[in-house]
Visitor: 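Let me give you the structure first, and then I'll get to my questions.
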Amino acid sequence: MSEDQSQSGKSQYTMQNPVTQYPQPPFPQQPQGAPGTVHEMQPKPDHGETTYRGSGRLAGRKALITGGDSGIGRAVAIAYAREGADVAINYLPDEEEDAREVIRLIEAAGRKAVALPGDITQEAFCLQLVQDAVAQLGGLDILVNNAGKQTAEKSLDEITTEQFDQTFKTNVYALFWITKAALPHLPPGAAIINSTSVEAYQPSPLLFDYAQTKAAIMAATHSLAKQLAEKGIRVNGVAPGPVWTPLQPTGGQPQEKIEQFGGQTPLGRPGQPAELAPVYVFLASQEASYVTGEVYGVAGGMGRT
Ligand code: NAD
Ligand code: MG
């Protein structure tokens, strides 16, 4: 629960005006180096730590979430654990502090937590990651390809080949390597969920390389859903709008854009990670048995509208 919410006694389960439910711009400029930490964010993001209520929707499931230390991945890890899943999270070694908190929260939900730090731009690590997740969870039936790299640049001149390569390696190649390695382990009923973005539909001039990777993830989701349907494996995506996570103040946006972050959406504010988690829960659960090849928007009114 955010401070605003705890003061008002409201949670995400209380009917209220979504416009004023969470902090609205302006926000302070707050540069930090990538990959960043949730602790330097002002105001603090809400990942559902004190509020998310599970109801057994993922009882006994085994999930691997990339980028599970912070932001959307953290909110999904908390929700999955409270829904009854054992959860492995991947993150960069620099993010150990954020990751430890998530591990504690998963364990506090009474579930097994597995910490698997490492750099997913390396194919060999991606293969090892899946092997370790399968070994330590005792199988795998939910894969959330959520890690991402976003670096805003004003012009094409400023995008180096190295940056272009790193953005594609993190967002596109890793999804390919991890998913390919996971497939032999996924039973019928398993679910793959990919974090794409409204950038796939409405690319920003500042996000030339990132927007392309998110469009690639959308196509990958549609293609793989058709390919894996006969195996009984569902594949869906989530397309967030602006969400209050470390991705943005660590170079994902210029600092002047952080001040008004989310203000361009019809709801007039950024989403909080806690507002994304229920969609990832639904898509992973058996309740979504007839849902595959879809991309769900959670974007405050932006996206395909
Ligand atoms: P975040 O910074 O909290 O999470 C991104 C995570 O990616 C990091 O925590 C890090 O662990 C991981 N990561 C990055 N490079 C990595 C590497 N080389 N190896 C291993 N892990 C690596 O930010 P977030 O916003 O929660 O991002 C999660 C996903 O949501 C991303 O795919 C992002 O593109 C997507 N998304 C975010 C927004 C937004 O506004 N925040 C909007 C649309 C889509
Ligand atoms: Mg992080």
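Residue numbers run from 1 in the order of the sequence given. When reading the values below, keep in mind they use all heavy atoms of this one structure, side chains included, and skip hydrogens, waters and symmetry mates. Note that this is a predicted model, so its numbers are computed, not measured. Indexing begins at 1, ligand by ligand and atom by atom, following the structure's order.
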Visitor: Could you name each residue pair satisfying ring pair (Phe, Tyr, Trp, His ring centres under 6.0 Å) that touches residues 26-66, not counting sequence neighbours?
Guide: Phe27-Trp244
Visitor: Who's touching ligand 1 if we go heavy atoms under 4.0 Å?
Guide: Gly67, Asp69, Ser70, Gly71, Ile72, Asn90, Tyr91, Leu92, Glu95, Gly118, Asp119, Ile120, Thr121, Asn146, Ala147, Gly148, Thr170, Ser195, Thr196, Ser197, Tyr210, Lys214, Pro240, Gly241, Pro242, Val243, Thr245, Pro246, Leu247, Gln248, Phe261
Visitor: Using a strict cut-off of 2.8 Å, how many protein N/O/S atoms surround the Mg ion (ligand 2)?
Guide: 3
Visitor: Please determine whether a side-chain nitrogen of the Lys or Arg among Arg74 and Glu49 lies less than 4.0 Å from a carboxylate oxygen of the Asp or Glu.
Guide: yes
Visitor: For a quick check under 3.5 Å, do Thr221 and Asn194 share a side-chain donor-acceptor pair by atom type?
Guide: yes
Visitor: Between Gln248 and Gln253, is any side-chain donor less than 3.5 angstrom from a side-chain acceptor?
Guide: yes
Visitor: Could Lys154 and Glu158 be called an ion pair, given the rule that one side-chain N must be under 4.0 Å from one carboxylate O?
Guide: no
Visitor: Tell me if a side-chain donor or acceptor on Lys112 pairs with a main-chain N or O of Gln136 at a distance below 3.5 Å.
Guide: yes
Visitor: Can Val198 be reached from Ile72 by stepping across I, L, V, M, F, W or Y side chains whose heavy atoms are under 4.5 Å apart?
Guide: no
Visitor: For a quick check under 3.5 Å, do Gln21 and Asn17 share a side-chain donor-acceptor pair by atom type?
Guide: no
Visitor: Tell me which pairs pass ring pair (Phe, Tyr, Trp, His ring centres under 6.0 Å) where either residue lies in residues 177-235, with sequence neighbours left out.
Guide: Tyr173-Trp177
